[in-house]
Amino acid sequence: MPVLPSSITGPLWEQFHALLPRRQIVHPLGCHRPRVPDRVVFDKLLARLVLGGTYQQHADHQVSATTLRSRRDEWIAAGVFEALHQATLEAFDQAIGLDLDNLAVDGCIVKAPGGGENTGPSPVDRGKSGTKRSLLVEGGGLPIGCALAGANRHDSPLLRPTLETLGRFGFHLPDRITVHLDSGMTRNLLTELGCGWQITPKGAFLPINHTHRWIVERTNSWHTRGFKSLAIVTDRRAVVQAAWVALASAVIVIRRLIRKAWTAYRWDTRTARRP
């Protein structure tokens, strides 16, 4: 049974395949053994992202755990995962439109039992190893960028690298951007970047649905509840952790794009029911 509907994995794979670099074969006879198809590896990596577990648990007679890791590293070195996330954002912006006037930032702490880069003692889990994701979303809740750090890092130092991910849009940004967050220690940085802000007053109780920050809380829930590899981080290298976040974010964007486009457009393979 597929881990995601074919309406999502189909366009996701088509875009991913278009971004794969052309393979250079230097062996005079081609290679010693047939290369495992990229689609098989992609489906296995997608299954690991959603279900979690080890690479050995997802290996079978088609592909080994070693091949999964080596192909993953090959695609990371080529920047395919980040390019996939960028391509899905551009497609959504062209078809529906991104709300970049209102942004929201918040941190999320998850378990990282194996340690490694971007890990530290978690203040909410008895000092066990954990990772913090500082997530930036647009007005509709789509993930735009993310900064990774140890669970013991404060949110304030992570705001700059998180907002710097807006550079992926180049000069195509609104003149006035409002950032919604829950820390008042970052006003100087927001002023330096030319952004407005809406900060929850310290000590004041406000229902989360009365602020604009609920959208980033919802996206954090999409990450942790929909993708087990993001809820429990077992990869020790920072580049691998970032690749999983980019792939999960691309899935979220494509899912929202299909749902929004269902009511605005018509196409031959459009499903009878709204996704």
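Values in this document were obtained by computation on a predicted structure and should not be read as measured data.
Residue I232 is not grouped with residue L247 when hydrophobic side chains (ILVMFWY) are merged at heavy-atom distances under 4.5 angstrom, including chains of intermediate members. L181 and L158 sit in two unconnected hydrophobic clusters of ILVMFWY residues. Membership requires side-chain heavy atoms under 4.5 Å apart, directly or through other members. When hydrophobic clusters are built by joining Ile, Leu, Val, Met, Phe, Trp and Tyr residues whose side-chain heavy atoms come closer than 4.5 Å, directly or via intermediates, V3 is grouped together with L230. One hydrophobic cluster holds both I96 and I258 under the rule that ILVMFWY side chains link at heavy-atom gaps under 4.5 Å. Note: the hydrophobic cluster containing L45 also contains I254 (ILVMFWY, side chain heavy atoms under 4.5 Å, direct or indirect links).
Taking CG of L135 as the start and OG of S249 as the end, the distance is 6.5 Å to the nearest 0.5 Å. For the atom pair CG (L4) and CG (L46), the distance works out to 5.0 Å, reported to the nearest 0.5 Å. Atom CD1 of I76 is separated from atom CZ of R69 by 12.5 Å, given to the nearest 0.5 angstrom. Going from atom CG of D101 over to atom CZ of R176 covers 11.0 Å, rounded to the nearest 0.5 Å. For the atom pair CG (L148) and OG1 (T131), the distance works out to 7.0 Å, reported to the nearest 0.5 Å. The distance from the SG atom of C146 to the NE2 atom of H223 is 7.0 Å, given to the nearest 0.5 Å.
Donor-acceptor pairing under 3.5 Å is recorded for the side chains of Y55 and R72. Between the side chains of T9 and S6, no donor-acceptor pair is found at a separation under 3.5 Å. Counted by atom type alone, N102 and H180 present one or more donor-acceptor pairs between their side chains at under 3.5 Å.
At a threshold of 4.0 Å, the pair R48-D235 counts as salt-bridged, since one of the basic side-chain nitrogens sits closer than that to a carboxylate oxygen. Using a cut-off of 4.0 Å between Lys/Arg side-chain N and Asp/Glu carboxylate O, D125 and K111 are scored as salt-bridged. With salt bridges taken as basic N to acidic carboxylate O contacts below 4.0 Å, one links R35 and E74. Salt-bridge formation is detected for the pair R237/D73: a Lys NZ or Arg NE/NH1/NH2 atom is positioned less than 4.0 Å from an Asp or Glu carboxylate oxygen.
The closest side-chain heavy-atom distance from V36 to R71 is below 4.5 Å. Residues L20 and D38 form a side-chain contact, since some pair of their non-hydrogen atoms from C-beta on lies under 4.5 Å apart. D155 is not listed as a side-chain neighbour of S134, based on a closest heavy-atom distance of 4.5 Å or more. Looking at V216 and V105, their side chains never come closer than 4.5 Å, going by heavy atoms from C-beta outward. Looking at R153 and I109, their side chains never come closer than 4.5 Å, going by heavy atoms from C-beta outward. Using a 4.5 Å heavy-atom threshold, the side chains of V253 and L89 count as touching. Between L136 and V179, the closest side-chain pair of non-hydrogen atoms is not below 4.5 Å.
Side chain of S122 to main chain of G127: no donor-acceptor pair is present (N/O by atom type, distance under 3.5 Å, no hydrogens or angles). With hydrogens and angles disregarded, no donor-acceptor distance shorter than 3.5 Å links the side chain of H58 to the backbone of L68. Under the 3.5 Å distance criterion, the side-chain polar atoms of E138 are left unmatched by any main-chain donor or acceptor of L103. The backbone N or O of G79 lies less than 3.5 Å from no partner atom in the side chain of E82, so there is not a single donor-acceptor pair. Put simply, the side chain of T219 gets close to the backbone of G141: a donor and an acceptor are under 3.5 Å apart. At least one donor-acceptor pair under 3.5 Å links the side chain of Q241 to the backbone N or O of E117. A donor-acceptor contact shorter than 3.5 Å links the side chain of D93 to the backbone of L98. Q86 places a side-chain N or O within donor-acceptor distance of the main-chain N or O of R168, the cut-off being under 3.5 Å.
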Legend entry - V63/D60 under side-chain contact (heavy atoms from CB on, under 4.5 Å): CA gap, chis, key distance, verdict: CA-CA 6 Å; V63 58; D60 56 15; 4.0 Å; yes
Inset, instruction - Could you please spell out the steps behind the side-chain contact (heavy atoms from CB on, under 4.5 Å) verdict for R256 and W222? - result: CA-CA 12 Å; R256 177 66 69 84; W222 288 344; 3.0 Å; yes
Inset, instruction - Just do the side chain to side chain donor-acceptor pair (under 3.5 Å) check on T67 and S64 with the steps written out, would you? - result: CA-CA 5 Å; T67 300; S64 66; 3.0 Å; yes
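Between T88 and A250, the shortest heavy-atom contact is OG1-CA, 3.9 Å. Between L173 and L166, the shortest heavy-atom distance links the atoms CD1-O, 4.2 Å. A pairwise comparison of heavy atoms in G140 and R218 identifies O-NH2, 2.9 Å as the closest pair. Smallest separation of non-hydrogen atoms from R273 and W262: O-NE1, 3.4 Å. The shortest heavy-atom contact between V80 and P21 is CG2-CD, 4.1 Å. Minimum heavy-atom separation, V50 to G226: CG1-O, 3.8 Å.
No more than 12 heavy atoms of other residues, nucleotides or ligands sit less than 6.0 Å from atom CD of Q94. Within a 6.0 Å radius of CZ in R266, other residues, nucleotides and ligands contribute more than 12 heavy atoms. More than 12 heavy atoms of other residues, nucleotides or ligands sit less than 6.0 Å from atom CZ of R274.
Relative orientation of the F16 and W75 rings is perpendicular, given thresholds of 30° and 60° on the angle between their planes.
Between W13 and F42, the ring center distance clears the sub-6.0 Å criterion.
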